[in-house]
Every structure is written in C-alpha cells, then in structure tokens.
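Chain letters run A, B, ... following the sequence lines, proteins first and then strands; every chain starts at 1. As a basis for the values below, the full set of heavy atoms in this structure was taken, side chains included, without hydrogen atoms, waters or symmetry mates. Keep in mind the model is a prediction, meaning the values are calculated, not measured.
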There are 2 protein chains.
Amino acid sequence: MCKLAGVSERLENLTTRALSMAAMRSDRVVNERLAGAGSRKWHYAVLAALDESGPASQAELSRATGIYRSDIVAVVNELADRALVERSPDPADRRRNVVTLTAAGRRKLVKLDLLLRSVQDEVFAELTRAERDQLVTLLAKVGGPDSREH
Amino acid sequence: MCKLAGVSERLENLTTRALSMAAMRSDRVVNERLAGAGSRKWHYAVLAALDESGPASQAELSRATGIYRSDIVAVVNELADRALVERSPDPADRRRNVVTLTAAGRRKLVKLDLLLRSVQDEVFAELTRAERDQLVTLLAKVGGPDSREH
DNA sequence: CGATATTCGTTAGTGGCCCTAACGTTAGAC
DNA sequence: GTCTAACGTTAGGGCCACTAACGAATATCG
C-alpha cells in the first residue's frame, strides 16, 4: 500500500520544509542566471547598495546587504578585480575603506537589474500579481529573529 | 537623505530575496531546535521516511527525502551510531543495504515530531491558520525544476 | 588627558548543504 | 552473455552562514 514512491507524507506536511524547498528552487534559478552573467547574488547586492547610497565602507555594506563582515572582503575583492568597484582607504577614518561604484559597475548593475527582473517573472510565473504580493506579505510575517551579527 | 541605514531598497523589492530570507529565518530556528535535540533535519527526514514505509534501501531514502545519494551515507552512519537505525546488507539484492528503524529510533521520531510541530507554531506564529494554508499553496507554485539527481 | 571600549578590515577556519564525478559491485534487460 | 543500469561509497568543489581572533584606529568617558 505504501512503498516509498514519492516524498514522505510527514515531510510534505511541514510548512517550514515547503518554505525551504521553494526557496531552494528559487535560489537555484537566481544563481544559475547570475552565474551566466559571471556574478553571484552578493555581487548584485553590493552593487545595488552602492548605487543607492553612494560610496560606503565595507561595514556599511555589510549592514545594508546582510553579508557577514568576514565575507565582504572576498566580495569586494572580486568586484574590484572586475573593476566594477574601487576600494580606497578613507582619509577621514583610517580604519575604513571607501568602496565606490565605477562606471563599469553601474553598467553591470543595470544589466543585472534587468536580468533579475526577468528571473522574478520566471520563478513566479504561476502566480498572479495579487498572489505574488500576498506571498511577500506572508513571507514578511515569517518568524525567527532577523538579527544578524550578534 | 539616504545614507545607508537599513537594507537596500532594491534588494527589498526582490521577491526571490524575500523568499530566501524568510526561508533562512525559518531554517535557522528549525536547525537550532533540532540541534538542541542532537539532530539535524536530514535525521528527521530519514526517520520519518522509514517510519512511513518500513525498511528501505539508501537509494529509496534518497528519493523519499531529497537527500543526495552521496550524502545519505553519512546520515545513515550518524543515525546508526546513535542506534536509531540499523543498516544491514539486503540478502535479496546484494547491492543494497536495508535500513531499519529501531525502537529507539521510533521513540526519537516521536520526540522530533512533537518538537517540529511546536517549531511550526513558533515560526508561523504571526500567521493565522488560513494564512498558513495560503502560504503553502503559494509556495507550491514557486517555479524552478523540482528535479533532483540528473 | 588617559584608560577603556568599540569599530573596522582582515584572516582563518568550521560545518551544512547542494552537486558532480568516478569506482567497483551487483542485478536486469536484450 | 553482453550491456546497461542501479547501488553504496569516496572524494572533492562551491556557496553560504557563522565564530573567533588580530592589529589598528577611533570614540567614549571618567
């Protein structure tokens, strides 16, 4: 009657699992598309944050994007290697680096913006606009601390 | 007007990101609670699958839970170390191992079931029953291939 | 002023999970 | 009886969350 055919019933009934799996499917598509453009999601996050608020220190970028302070170094390195960003010491506060968007970085951001917009439509293709909005509303209520970094 | 205070606007507007972040918050709670019980989510997944369908091969467990064939080895090892599961060669098919739930494993599963039920209530505390159901419905429609394993 | 706490960038490292590639062994299909 | 496919297993890469510690610079406050 119940040989292992599909997925376990009990697992299917965990809302947390449904959430995890949906996120995984979504992330997979996002990562694939970004990889196709030679980027990762953190690259986009940093570029977007810089575009919105101008030059910023790495710590500020960390707070704006949710990337850990310890991981931001590599991201900025990669962006700097691609000349999408420039890192220079802050004369006003010698602890800090000022990270600045380059022209190439701004162009890249436009591309990624477009790309991500189309990814949204792809991932949520089976949802109406209203459903999509409702999903966002519901997701915002999903618990757990938003806290990052002690 | 717009120094980096909170989170970037553009990031906030990506539904895929809202989904990722909600899943991360949810997963964090789930993992914490399970870790408190000395388990991980794959442990629960395997125990649940075994309970529902009786003894199974590792490949079957892989299909039922979504765990990769290459990762299941370790999970079964850990469960066997804790005596929650027994692994023995299948006499009928000498390629396979038969994984069987022990009495201790069944007891553990009951505990984890209870624990996870309470985690659901914790994570989705701010959602009504109806909203929770709707969330599940919406999540099911989130795109990307469900495909695992080539 | 001077001691203390805090912030910043950075390095190093852990562990989880997803995923690929390859292997020898064994069973099924033609 | 050969070829194909499934099985368990090992090894490894990649991304990400997360911790701990460091020297250096700044902010705070007595």
Participant: Hey, is A:Arg94 close enough to A:Asp90 for a salt bridge, meaning N to O under 4.0 Å?
Facilitator: no
Participant: Pick the nucleotide of DNA chain D nearest each of A:Lys41 and A:Asp93; which residue has the one closer to the 5' end?
Facilitator: A:Lys41
Participant: Scan side-chain atoms only and decide if B:Gln58 and B:Arg96 contain a donor-acceptor pair under the 3.5 Å cut-off.
Facilitator: no
Participant: What is the distance, rounded to the nearest whole Å, between atom CD1 of A:Ile72 and atom C1' of C:dT7?
Facilitator: 15 Å
Participant: With distance as the sole criterion, do the side chain of B:Arg95 and the base of D:dG8 form a donor-acceptor contact below 3.5 Å?
Facilitator: no
Participant: Are any of B:Trp42's side-chain N or O atoms less than 4.0 Å away from OP1 or OP2 of C:dG15?
Facilitator: no
Participant: Check the distance between C:dG16's C1' and B:Arg28's CZ and give it to me in whole angstrom.
Facilitator: 14 Å
Participant: To the nearest Å, give me how far apart CD (A:Glu32) and C1' (C:dC19) are.
Facilitator: 12 Å
Participant: Do we see a donor-acceptor contact under 3.5 Å between the side chains of B:Arg132 and B:Gln120?
Facilitator: no
Participant: Between A:Arg40 and D:dC16, is there a contact of a side-chain N or O with OP1 or OP2 at under 4.0 Å?
Facilitator: yes
Participant: Nearest-nucleotide wise, let me know which of A:Arg96 and A:Val73 is further upstream toward the 5' end of DNA chain C.
Facilitator: A:Arg96
Participant: May I have the distance from B:His43 (atom NE2) to C:dG16 (atom C1'), rounded to whole angstrom?
Facilitator: 11 Å
Participant: Can you tell me the distance, in whole Å, between the CG atom of A:Leu61 and the P atom of C:dT10?
Facilitator: 12 Å
Participant: Tell me which of B:Val98 and A:Arg94 sits closer to the 5' end of DNA chain D, going by the nucleotide each one is nearest to.
Facilitator: B:Val98
Participant: To the nearest angstrom, how far is B:Arg63 atom CZ from D:dA5 atom C1'?
Facilitator: 12 Å
Participant: Without swapping roles, check the side chain of B:Thr102 against the backbone of B:Leu84 for a donor-acceptor pair under 3.5 Å.
Facilitator: yes
Participant: What integer distance in Å separates B:Asp90:CG from D:dA6:P?
Facilitator: 17 Å
Participant: Below 4.0 angstrom from OP1 or OP2 of D:dC18, is there any side-chain N or O of B:Asn31?
Facilitator: no
Participant: Ignoring hydrogens and angles, are the base of D:dC18 and the side chain of A:Asp71 linked by a donor-acceptor pair under 3.5 Å?
Facilitator: yes
Participant: Has B:Gln58 got a side-chain N or O lying under 4.0 Å from the OP1 or OP2 atom of D:dC7?
Facilitator: no
Participant: Strictly distance-based, threshold 3.5 Å: is any side-chain N or O of A:Arg82 a donor or acceptor partner for the main-chain N or O of A:Gly38?
Facilitator: yes
Participant: Measure the distance from CG on A:Asp27 to C1' on D:dC16 and round it to the nearest whole Å.
Facilitator: 10 Å
Participant: Using a cut-off of less than 4.0 Å, is there contact between a side-chain N or O of B:Tyr68 and OP1 or OP2 of C:dC19?
Facilitator: yes
